[in-house]
Amino acid sequence: AGGDPPAQPPGPGAFDLGAQRGRWAAFQERHRLSCEEAARLLLDAYEYRGLVKHTGGCHCGAVRFEVWASADLHVFNCNCSICTKKQNRHFIVPASRFKLLKGADNLTTYTFNTHRAQHTFCKTCGVQSFYTPRSNPDGYGIAPHCLDDGTVQTIVTEDINGKEWEKAVKEHKTIRDMSKP
């Protein structure tokens with residue numbers, strides 16, 4: 001008699017966070033999320049169907065990031081003035097699938113013309129491992145050649161006529177939706 005009642009297994013829809021309880025509470029508080037919002041983020045992250053976590057960065061290592069994307073990448077090869085000079089081939093992801101791990105203070109940005117594209121690059125080595133494309137200002141263009149080895153299975157490259165940007169984007173069936181979750 002006496003003592004604590006026996007532990008009950010969690011009921012349907014409930015789960016025991018165990019040692020992660022404090023981490024979960026801190027995450028919710030830090031991001032000002034309700035339990036439902038935090039659970040939705042967890043489920044969304046877990047259910048990225050067919051996506052893998054790629055990591056990458058610049059040449060010197062000052063800038064590092066992770067991105068959830070397919071192992072089979074659809075890469076754009078743009079012929080606009082800056083992409084041609086930089087050989088900027090990239091795939092596009094929603095901002096929610098990109099996380100800068102380090103180096104925010106080591107990035108600088110170049111813009112021109114409409115100033116909508118944000119061409120970010122490392123101040124130390126000059127490598128652009130990602131940027132904010134004009135076609136998808138709510139997402140990121142990721143340079144596949146800046147990803148770490150081991151997570152990319154295939155790359156399909158599509159040429160895009162950036163010299164006639166407005167026409168190319170208008171005629172392209174999916175490019176503007178690539179940053180949508």
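Residues take their numbers from the sequence shown, with the count starting at 1. Hydrogens, waters and symmetry mates are skipped; everything else that's a heavy atom, side chains included, is used.
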Between S70 (side chain) and L51 (backbone), is there a donor-acceptor pair under 3.5 Å?
no
Listed by chain and number, what are the salt bridge (Lys or Arg N to Asp or Glu O under 4.0 Å) partners of [X], not counting sequence neighbours?
{"X": "E37", "answer": "none"}
{"X": "R89", "answer": "none"}
{"X": "R30", "answer": "none"}

Could you list the residues that satisfy side-chain contact (heavy atoms from CB on, under 4.5 Å) with [X], not counting sequence neighbours?
{"X": "E171", "answer": "K167"}
{"X": "A62", "answer": "C58, C60, N106, C122"}
{"X": "F121", "answer": "T108, Y110, Q128"}
{"X": "H145", "answer": "A143"}

Closest approach of [X] to [Y] (non-hydrogen atoms, all atoms of both residues):
{"X": "S135", "Y": "P137", "value": "C-CD, 3.6 Å"}
{"X": "P144", "Y": "V75", "value": "CG-CG2, 3.8 Å"}
{"X": "N79", "Y": "G162", "value": "OD1-N, 2.6 Å"}
{"X": "A69", "Y": "V93", "value": "CB-CG1, 4.1 Å"}

Answer with yes or no whether the hydrophobic clustering places [X] together with [Y]; edges join I, L, V, M, F, W, Y residues whose side-chain heavy atoms lie under 4.5 Å apart.
{"X": "L73", "Y": "V52", "value": "no"}
{"X": "I142", "Y": "L100", "value": "yes"}
{"X": "I160", "Y": "I92", "value": "yes"}

With H115 via side-chain hydrogen bond (donor to acceptor under 3.5 Å, both in side chains) - residues at least two apart
T111
Which pairs would a plain distance check flag for residues 146-156, meaning a side-chain donor or acceptor within less than 3.5 Å of a matching protein atom at least two apart in sequence or in another chain?
from	atom 1	to	atom 2	distance (Å)
D148	OD1	R64	NH1	3.2
D148	OD2	T55	OG1	2.5
D148	OD2	R64	NH2	2.6
T151	OG1	H54	ND1	2.6
T154	OG1	D72	OD1	2.7

Residue that, paired with Y140, satisfies ring-ring contact (aromatic ring centres under 6.0 Å, His included) out of F65, F98, W68, F91:
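Of the listed options, the one satisfying the test is F98.
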Any salt bridge (charged side-chain N to carboxylate O under 4.0 Å, His left out) pairs touching [range], not counting sequence neighbours?
{"range": "residues 155-164", "value": "none"}
{"range": "residues 79-88", "value": "none"}
{"range": "residues 98-127", "value": "none"}

Decide if the gap between the ring center of F130 and the ring center of H119 is smaller than 6.0 angstrom.
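Here the rings of H119 and F130 have centres that are no less than 6.0 Å from each other.
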Distance (rounded to the nearest 0.5 Å) between F76 CZ and N88 CG
12.0 Å
Approximate separation, where rounding is to 0.5 Å, of Y131 OH and H90 NE2:
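Going from OH on Y131 over to NE2 on H90, the span is 3.0 Å.
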Pair N136-I175, side-chain contact (heavy atoms from CB on, under 4.5 Å): steps then yes or no:
CA-CA 8 Å; N136 286 264; I175 196 166; 4.2 Å; yes
